[in-house]
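For reference, the structure discussed in these notes is given below.
Values in this document were obtained by computation on a predicted structure and should not be read as measured data. Hydrogens, waters and symmetry mates are skipped; everything else that's a heavy atom, side chains included, is used. Start at 1 and go down the list; that is how both ligands and their atoms are numbered. Just so you know, residue 1 is the first one in the sequence shown, and it goes up from there.
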Amino acid sequence: MELVEVKGSESFSQILIGESIDNLKNYTSNSKLFIITDGNVKRLYSNRFPIAPLYCIEPGETSKNFQTTIDIYRWLLENNADRSSFIVGIGGGVVCDMAGFVASTFMRGVNFGFVATTLLAQVDASVGGKNGIDLDGYKNIIGTFNQPKFVICDISMLKTLPPIEFANGMAEVVKHALISDKSMFDDIEKNRIEILALNERLIEYLVTRNVRIKASIVEADERENGLRRVLNLGHTWGHAVEKLTGIPHGQAVSIGLVFAANLSLEKGLLSLDERNRLESILSNIGLPITTDANPKHIFEVLQKDKKRDNELVHFVLMKGIGSVEVEKINLKELEKFIQK
Ligand code: ADP
Ligand code: ZN
């Protein structure tokens with residue numbers, strides 16, 4: 001088992017990689033437990049949950065809404081939850097975002113932790129203390145920054161994950177490699193078959209490296225003031241694709257990474273060979289690298305979504321593999337690039 005501590009200004013989180021769900025009780029300090037999960041995770045694993053009131057949401061992003069939040073608050077009240085209660089989310093990103101938001105707002109905040117059961121949740125949602133729900137098609141538009149006490153990343157639980165969901169998580173893994181770890185990129189290329197076969201030792205190693213990368217970036221910029229922007233690599237274009245087409249986040253990020261690579265190539269920051277290596281690694285993992293959606297329509301969504309200063313968009317570009325820079329790009333320039 002590997003332990004990574006993430007220090008925030010007000011609290012710190014322990015990420016336990018390779019720990020088992022069976023040891024969950026060791027981390028909740030005798031408090032009264034309340035468990036939130038989704039239907040799939042419940043069906044597969046509830047026989048291993050500690051005995052506690054259980055709230056089960058429907059699987060999928062559409063559960064991250066106000067109605068579900070209110071239903072959970074009521075359930076907590078009906079079950080006599082108080083300020084000393086401890087909320088545990090057991091599931092993927094959806095469950096963790098939801099459980100973290102409920103715990104951060106119920107009675108002005110109660111302690112919470114996660115058992116992250118998807119690769120995406122283990123390498124991404126587990127670190128950073130962001131939680132939230134969606135409103136009117138805007139993802140995570142309502143939420144808080146608040147760190148869980150612990151995140152258990154039980155690698156063996158990934159065995160039941162549909163391959164497509166595993167691939168979605170790999171998009172963020174490749175992103176982290178592109179941001180700051182060329183040797184991880186090489187390792188994924190070399191060990192792809194074993195990774196996709198879920199070799200537990202390799203996955204534990206991979207999750208640990210990813211958690212460390214994300215933790216170091218988040219620690220340097222807990223509230224997303226600037227530095228943390230590098231984590232948006234592939235996401236500016238990716239989010240627009242996701243919004244327009246409704247494809248899963250990881251797939252949209254994969255398409256967004258290739259878009260960022262092509263723009264970096266155009267600007268002379270990335271070589272053709274490096275761009276090609278990225279395309280191969282993503283498609284070999286089973287991720288899409290192109291979309292049928294009209295680039296003009298994607299651009300329109302991107303433009304509309306832009307909450308930032310005037311005509312400029314902060315775009316994360318690749319400087320070779322393992323290094324990035326954030327450039328303010330004029331929307332007109334981006335539009336021209338798309339029309340090429
Ligand atoms: P994310 O990809 O953000 O983690 P979700 O929380 O929606 O997204 O999880 C993706 C899907 O995988 C959901 O349908 C969820 O129920 C399912 N799931 C989560 N964990 C497991 C698991 N260990 N085995 C099988 N299915 C799982
Ligand atoms: Zn993402």
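- Looking only at heavy atoms of the protein, atom 20 (N) of ligand 1 is closest to Thr117 OG1, 2.7 Å.
- Under 2.8 Å from the Zn ion (ligand 2) lies an N/O/S atom of Glu172, whether from backbone or side chain.
- Remark: ligand 1 atoms within the under-4.0 Å shell around heavy atoms of Gly92 are 4 (O), 6 (O).
- Counting non-hydrogen atoms of other residues, nucleotides and ligands closer than 6.0 Å to CD of Glu200 gives a total above 12.
- Looking only at heavy atoms of the protein, atom 22 (C) of ligand 1 is closest to Thr160 OG1, 3.5 Å.
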Test side-chain contact (heavy atoms from CB on, under 4.5 Å) applied to Glu172 and His235, step by step: CA-CA 10 Å; Glu172 303 284 349; His235 281 61; 3.3 Å; yes

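- For Met157, a nitrogen or oxygen atom sits less than 3.5 Å from a nitrogen or oxygen atom of ligand 1, counting backbone and side chain alike.
- Between atom 15 (C) of ligand 1 and the options Thr62, Asp38, Leu119, the minimum heavy-atom separation is to Asp38.
- When all heavy atoms of Val95 and Thr37 are compared, the closest pair comes out as CG2-C, 3.8 Å.
- Considering every non-hydrogen atom in both Asn232 and Val316, the closest pair reads C-CG2, 4.0 Å.
- Close approach of ligand 1 to Tyr45 (heavy-atom distance below 4.0 Å) involves ligand atoms 23 (N).
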Trace of the side chain to side chain donor-acceptor pair (under 3.5 Å) decision for Tyr27 with Gln14: CA-CA 10 Å; Tyr27 299 95; Gln14 292 194 315; over 6 Å; no

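- The nearest protein atom to atom 7 (O) of ligand 1, hydrogens excluded, is given as Val94 CG2, 3.3 Å; this is a heavy-atom distance.
- The residue Leu158 has no part lying near ligand 1, judged by heavy-atom distances below 4.0 Å.
- No salt bridge links Arg277 with Asp273; every basic N to acidic carboxylate O contact stays at or beyond 4.0 Å.
- A donor-acceptor contact closer than 3.5 angstrom is absent between the side chains of Thr68 and Asp71.
- Residue Glu165 approaches ligand 1 through these ligand atoms, each under 4.0 Å from one of its heavy atoms: 2 (O), 10 (C), 11 (C).
- Of all atoms in ligand 1, listed by their number and element, those nearer than 4.0 Å to a heavy atom of Val41 are 19 (C), 20 (N).
- Of the N or O atoms in Thr118, one or more lie within a sub-3.5 Å distance of an N or O in ligand 1.
- Taking the centre and axis of the six-membered ring of Tyr55, the NZ or CZ atom of Lys42 falls outside the cone set by 45° and 6.0 Å.
- With hydrogens left out, the protein atom closest to atom 21 (C) of ligand 1 is Leu161 CD1, 3.5 Å, a heavy atom.
- The aromatic ring centroids of Phe337 and Phe259 lie less than 6.0 Å from each other.
- The side-chain contact (heavy atoms from CB on, under 4.5 Å) test with Lys214 singles out one residue from Val6, Val127, Ile179, Val123, and that residue is Val127.
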Chi angles and distances behind the side-chain contact (heavy atoms from CB on, under 4.5 Å) call for Arg212, Asp181: CA-CA 11 Å; Arg212 285 194 204 286; Asp181 195 340; over 6 Å; no

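- Nearest heavy atom pair, residue Ile164 against residue Gln251, reads CD1-NE2, 3.1 Å.
- Counting heavy atoms under 4.0 Å from ligand 1, residue Asn168 does not touch it at all.
- Taking atom 2 (O) of ligand 1 as the reference point, the nearest protein heavy-atom neighbour is Leu120 CD2, 3.4 Å.
- Remark: ligand 1 atoms within the under-4.0 Å shell around heavy atoms of Pro59 are 14 (O), 16 (O).
- Less than 4.0 angstrom separates some heavy atom of Leu44 from each of these atoms of ligand 1: 24 (N), 25 (C).
- Scanning the protein for heavy atoms near atom 14 (O) of ligand 1, the closest one is Asn40 ND2, 3.1 Å.
- Taking atom 1 (P) of ligand 1 as the reference point, the nearest protein heavy-atom neighbour is Gly93 N, 3.5 Å.
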